[in-house]
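This is a predicted model, so every value here is computed, not measured.
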Amino acid sequence: MGKVVLVTGVARQLGGRFVRRVQRDPGVDRVIAVDAVAPAHPLGEAEFVRADIRQSALARILAEYAVDTVVHLDVSGKALGTAGRTAIKETNVIGTMQLLGACQKSPTVRRLVVKSSTSVYGSASRDPAVFTETTPPKSLPSGGFAKDAVEVEGYVRGFARRRPDVAVCVLRFANILGPRPDSPLADYLSLPVLPTVFGYDPRLQFVHEDDVVDVLGIAAREPRRGTLNSGTFNIAGEGVLLLSQCSRRLGKPTLPVLLPAVTWVGSALRTIGMTDFSPEQIRLLTHGRVVSTVQMRETLGFRPEFTTAGTFAEFARSRGPGLLPPETVGRAVDRLAELPLPGGAGPRERGTGAVQTTHGAR
């Protein structure tokens, strides 16, 4: 790893954990932690620099500390504190543009790691069963964090073309969960009752917070023999879970809502401040999303410690018991799945949509 590492987004738990972890690398002499908000958690011996990445101060910071490795974690779907959606988008998109502009001018930067998301693939009824890193989305995300991530990756690709001497690694994380998650999906799963789209049971993937920190460390240092850590990689735990399985394991009942009414439910939840139930989130909870992790294992050389099911189990333990025993919820979901669909159709199969799609297949 480079001797001077700059990390953005350190006020979030994930950024703070990575800063503390990277300091233990014997090849690191100095860690510069950057955020517009002072973190509430310790950063070890890292030097905290309070700076807004949307401003032009980054070029000065890179030059002052002769930074050679940049780890950009300040790309998120959830705001810190009371900041609204506009501030999130500005930090994600404009902040990334400012950071890349500063890196392009810096003669010392040699490695760039960017936190992205599998949400760049979108969620649609005609999507393939499994996305690879080169699979184009059937329908580009139209808004929210997913659209931010698409724009961020576009700017990163432009930077990589202009600075071919810099090793660039983009990590597309599945939904990040664990004991201390910080995401809209975690907020949704923390609701006492889970609103779902009637007739759909999407497949979901998760990645554990610990594995996120570990793979960031791999991406930020020189590649190990036989591996390559430049490029774009999907990062997810092995296996998938259906949303109905998640509700059972949480011990929470679901509230199936007809698709036309889901937008209204999302607006109501946003109004009371319970969760970010954005249109892209609704599409995920309708069609689901599964990505291939072959390149993560064979090229990047990373094998997560936690599976998707194991990650969700850690999250469920941190949430405490739900309203109902998991066995009771499981029986209720089974009975609901056996009910005939409107219009005289037979029982719907768990794992399919109202019209059979590849997304719900078990």
Side-chain angles (χ1 to χ4, degrees), residues 1-83 87-88 90-92 95-96 98-100 102-103 106 108-117 152 169 171 173 176-183 186 207-222 229 235 305 314 318:
M1 186 177 292
K3 292 183 179 180
V4 182
V5 181
L6 181 142
V7 184
T8 66
V10 299
R12 299 180 184 274
Q13 288 291 337
L14 182 64
R17 289 191 61 187
F18 178 70
V19 165
R20 295 190 294 272
R21 173 73 65 86
V22 77
Q23 293 173 63
R24 301 202 296 264
D25 192 301
V28 173
D29 291 340
R30 205 173 192 182
V31 178
I32 313 302
V34 175
D35 209 308
V37 179
H41 43 259
L43 297 177
E45 298 181 359
E47 298 180 48
F48 175 67
V49 178
R50 188 163 188 166
D52 190 334
I53 65 170
R54 295 173 294 180
Q55 307 301 324
S56 58
L58 288 169
R60 176 186 58 78
I61 296 171
L62 292 176
E64 179 180 346
Y65 293 98
V67 173
D68 51 53
T69 301
V70 175
V71 181
H72 182 32
L73 303 183
D74 207 356
V75 180
S76 179
K78 184 178 176 182
L80 281 173
T82 59
I88 300 174
E90 288 179 354
T91 300
N92 290 341
T96 298
Q98 290 283 5
L99 176 64
L100 295 177
C103 289
S106 171
T108 60
V109 171
R110 290 291 177 264
R111 181 169 294 277
L112 171 68
V113 180
V114 178
K115 170 181 172 284
S116 187
S117 167
V152 165
C169 183
L171 300 176
F173 291 104
I176 301 173
L177 289 182
R180 298 175 300 277
D182 180 24
S183 69
V207 59
H208 197 281
E209 300 164 347
D210 293 352
D211 289 323
V212 171
V213 174
D214 289 342
V215 75
L216 285 170
I218 291 175
R221 64 170 64 96
E222 290 299 314
N229 61 358
I235 309 295
E305 179 182 351
E314 288 277 301
S318 71

Between R111 and N229, a side-chain donor and acceptor under 3.5 Å: yes

Worked verdict on V212 versus L14 for side-chain contact (heavy atoms from CB on, under 4.5 Å): CA-CA 8 Å; V212 171; L14 182 64; 3.5 Å; yes

Worked verdict on R221 versus D25 for side-chain contact (heavy atoms from CB on, under 4.5 Å): CA-CA 9 Å; R221 64 170 64 96; D25 192 301; 3.3 Å; yes

Sidechain-backbone polar pair: R20 side chain, P42 backbone, donor-acceptor under 3.5 Å: yes

Qualifying residues under side-chain hydrogen bond (donor to acceptor under 3.5 Å, both in side chains), relative to D74, sequence neighbours excluded: none

Value rounded to 0.5 Å, distance of CG in L62 from CG in D68: 10.5 Å

Atom of A220, atom of V71 and distance for their closest heavy-atom approach: CB-CG2, 4.0 Å

Validation row: L112, L100 side chains within 4.5 angstrom (heavy atoms): yes

Q13 side chain near E209 side chain, heavy-atom distance below 4.5 Å: no

Inter-residue atom distance I176.CD1 - S76.OG, 0.5 Å rounding: 8.5 Å

Beyond-backbone contact of D210 with E314, side-chain heavy atoms, under 4.5 angstrom: no

Minimum side-chain heavy-atom gap L6-T69 below 4.5 Å: no

Partners meeting side-chain hydrogen bond (donor to acceptor under 3.5 Å, both in side chains) with E305 (sequence neighbours left out): none

Rounded distance (nearest 0.5 Å) linking atom CZ of R180 with atom CZ of R17: 5.0 Å

Stepwise side-chain contact (heavy atoms from CB on, under 4.5 Å) test for L171 and K115: CA-CA 5 Å; L171 300 176; K115 170 181 172 284; 6.0 Å; no

Minimum side-chain heavy-atom gap R54-T91 below 4.5 Å: yes

Least distance between heavy atoms, V109 atom then C103 atom: CB-O, 4.4 Å

Side chains of I53 and H72 in contact at under 4.5 Å (non-hydrogen atoms): yes

Spacing of L58 atom CG and S106 atom OG [to the nearest 0.5 Å]: 11.0 Å

CG-CD1 distance between D211 and I218, expressed to the nearest 0.5 angstrom: 9.5 Å

Side chains of F48 and V34 in contact at under 4.5 Å (non-hydrogen atoms): no

SB check R12 D35 (cutoff 4.0 Å): no

Contact summary for G178 and H208, nearest pair of heavy atoms: CA-NE2, 4.2 Å

Side-chain donor or acceptor of Q55 paired with backbone N/O of A51 under 3.5 Å: no

Heavy-atom closest contact (I32 atom, Y65 atom, distance): CD1-CD2, 3.5 Å

Minimum heavy-atom distance between N92 and V75, given as atom pair plus value: OD1-CA, 3.3 Å

Q98 side chain vs A57 backbone, donor-acceptor pair below 3.5 Å: no

Heavy-atom closest pair, residues V10 and P39: O-CB, 3.8 Å

Point-to-point distance, once rounded to the nearest 0.5 Å, from CZ of F173 to CG of L216: 4.5 Å

